[in-house]
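Below is one structure, written out as structure tokens; the observations come after it.
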Amino acid sequence: MKKLLLATAATLAIAGGASAQGMDKVKACFVYVGPIGDGGWTFQHDQGRLAVIEEFGDRVDASTYQESVPEGADAERVLTQMALSGCNIIFTTSFGYMDQTNNVAAKFPNVKFEHATGYKRDHANVSTYDARFYEGRAVMGTIAGHMTESNKIGYIGSFPIPEVIQGINSSFIAARKVNPDVTMSVVWAYTWFDPAKEADAAKALIEQGVDVILQHTDSTAPLAEAAKTEGVIGFGQASDMTEFKPSPRVSSIIDNWAPYYIERIGALLDGTYEQKATWAGIAEGEVEIGEITDAVPAEVKAAAEAVRDAIVGGQHPFTGPLNKQDGSAWLAEGETPEDGDLAGMNFYVEGITGSIPQ
Amino acid sequence: MDLGGINPAVLIASLMVASVPIMLAALGELVVEKAGVLNLGVEGMMIIGAVMGFAVAVNTGSPLAGFLGGAAGGAILSLIFALLTQYLLANQVATGLALTLFGLGLSSLIGQGYVGIRPPLTGAVPLGPLADIPVVGRILFRHDWMVYGSLVMVAATWAVLKFTRIGLILRAVGENHEAAHALGYKVRRIRVLAICFGGAMAGLGGAYISLIRVPQWTDGITSGAGWIALAIVVFASWKPWRVLLGAYLFGGITVLQLNLQAAGARIPVEYLSMSPYLITILVLVIMSSGRGRIAAAAPASLGKNFHASR
């Protein structure tokens with residue numbers, strides 16, 4: 001904090017007018033929604049920040065970050081303070097900072113803003129970036145479809161937003177492809193992070209006979225719950241969650257933000273920075289599949305890796321023919337959806353029971 | 001009986017587990033309030049119990065030591081409350097709220113090094129053939145020892161309050177501290193001991209969350225259980241067996257709503273999520289409408305500070 005204030009006056013003048021011709025030194029700042037110690041989402045963003053420091057050394061000052069910034073008005077204050085303190089580029093790493101990022105960006109046209117998982121780019125200095133988590137879900141779904149004995153897969157959702165619904169649909173389609181008898185139960189926890197509730201949700205699913213649990217919440221509680229029951233498996237989410245290897249955690253989806261952070265700050269340094277909307281997946285290395293452990297038979301592991309490699313090779317996890325839940329046609333044979341349609345996904349595909357809370 | 005694919009035996013078994021933390025904390029608070037002290041710091045004492053229990057269990061490798069550590073942590077924190085309200089005569093409501101805020105912050109600090117660690121597991125009590133009895137075995141005989149311990153505590157609290165001299169003195173202090181003082185009872189000492197007991201019970205409840213129910217440590221792990229425990233005490237109109245009922249009702253609805261979702265019941269999730277709170281409000285309204293029955297049940301000196309000079 002002290003550093004921020006001291007730097008304020010000194011760097012205000014330098015901050016402007018440097019983006020076109022490159023810069024000698026970039027100050028990059030990060031806003032986090034949770035503590036770095038969450039072991040998941042925020043932890044991975046901070047890993048990206050550390051990778052930036054490693055890559056550029058003295059040419060970048062990425063020492064400024066703030067943890068547990070509430071989504072809402074308070075974020076605007078934090079962002080303003082960062083912009084005033086001479087940050088050249090500010091990464092806001094949660095969906096809920098969307099409006100605040102754009103508001104502050106309007107006031108500081110010379111500061112670059114990068115908003116994670118959002119879609120609003122109201123000003124020329126706001127870019128957005130996201131990861132195709134649903135690609136990783138297809139790999140998890142493949143393992144789930146092969147591994148389930150009861151043919152029941154459970155999915156712990158956080159909030160009914162497109163990003164989560166994409167994951168549910170993608171994993172279900174992949175599981176059905178390898179096991180036509182599979183059914184999926186979805187439980188909405190209405191939280192990103194509440195270990196007791198996540199554990200209870202996992203328990204409720206296990207009691208319903210579910211033996212494979214996928215989660216789109218951030219804590220390791222569902223894995224801890226799965227560990228109590230023999231034969232139940234799950235997957236790491238956002239981070240590798242290695243402490244539950246080799247079982248119940250049989251694989252994981254890892255968010256790897258490092259390549260993107262390095263690319264964007266590098267572009268700012270050499271003057272090639274442009275506004276853009278990035279949505280990268282497994283091929284770009286932004287979504288990684290964590291080690292598939294020996295708890296999974298070799299042929300299942302091979303099948304999962306084949307799905308992963310096919311996605312890298314251009315196979316879209318949502319490839320027609322696919323119907324919506326009500327049976328109406330969504331994608332024709334061989335057709336794939338536009339990114340815009342995916343970003344607004346608000347329906348289940350055919351075969352999933354239950355309805356999405358509105 | 002079939003509730004949309006939910007096995008009632010399994011449901012009852014899991015609601016028994018889900019209600020242990022709030023039941024323990026509510027029992028402790030009941031004794032504190034019976035002694036005439038209102039401690040709103042239950043949430044803070046629970047979370048300190050959760051982190052202390054976790055830390056001790058991880059470092060010693062023994063869940064039993066963990067529970068003792070959790071109880072000690074809660075009791076020590078409650079001593080701050082006892083000092084402020086019983087010796088310095090601070091306002092009980094404000095002090096209790098401060099205790100919760102302090103506990104939340106302190107637990108986060110203590111817990112820094114314990115994120116992502118797995119605690120030693122507590123197994124079910126081996127009850128041999130009893131566990132294999134159909135239905136009843138699943139409901140009653142496959143739990144960890146804390147579930148049985150919490151039921152024993154309900155019975156013990158009831159018996160002590162109703163049948164023993166200690167219980168009588170405690171109630172006297174809570175009903176009319178000046179009369180109790182005139183009879184020669186050490187009002188302040190008795191209240192401090194009651195507060196300590198309440199802290200230890202809240203700490204046990206917290207440790208149950210971090211050691212058995214989740215089991216891991218993360219910031220804010222109790223997520224409001226302490227406030228529910230406070231509500232249950234009023235709901236139970238200061239009677240131990242009704243605490244059991246209230247805890248089961250509340251734990252039951254939480255578990256039921258997740259189970260209904262998992263079973264694919266077509267009930268909007270938002271209503272399910274708020275149902276425990278709605279029912280609590282409803283019960284409070286119904287109870288208080290019965291011509292001041294709540295007022296009659298509450299200890300008469302509840303929340304009033306005592307000083308021997310008055």
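All chains are named by letter (A, B, ...) in the order of the sequence lines, taking the proteins before the strands, and each is independently numbered beginning at 1. All values reported here derive from a predicted model rather than from experimental measurement.
Separation of the A:W188 and A:Y155 ring centroids does not fall under the 6.0 Å cut-off. Aromatic ring centres of A:F347 and A:W330: separated by under 6.0 Å.
Defined by atom type and a distance below 3.5 Å, a donor-acceptor pair is present between the side-chain atoms of A:Y32 and A:D46. No hydrogens or angles considered: a donor-acceptor pair under 3.5 Å links the side chains of B:D144 and B:Y208.
For A:Q215 (side chain) and A:P222 (main-chain N/O), no donor-acceptor pair under 3.5 Å exists by modelled atom type.
Classification of A:E291 and A:K245 as a salt-bridged pair holds, one side-chain N sitting under 4.0 Å from a carboxylate O.
Of all residues spanning residues 223-237 of chain A, those with a heavy atom less than 4.5 Å away from chain B's heavy atoms are A:A224, A:E225, A:A227, A:K228, arranged by number.
Heavy-atom distances place both the backbone and the side chain of A:A204 under 4.5 Å from chain B. Heavy atoms of B:R213 lying under 4.5 Å from chain A belong to its backbone as well as its side chain. Only the backbone of A:V186 comes within contact range of chain B, with heavy atoms under 4.5 Å apart.
Ring-plane geometry between A:W257 and A:H45 is classed as parallel, the angle between the planes falling under 30 degrees on a 0 to 90 degree scale with a further cut at 60.
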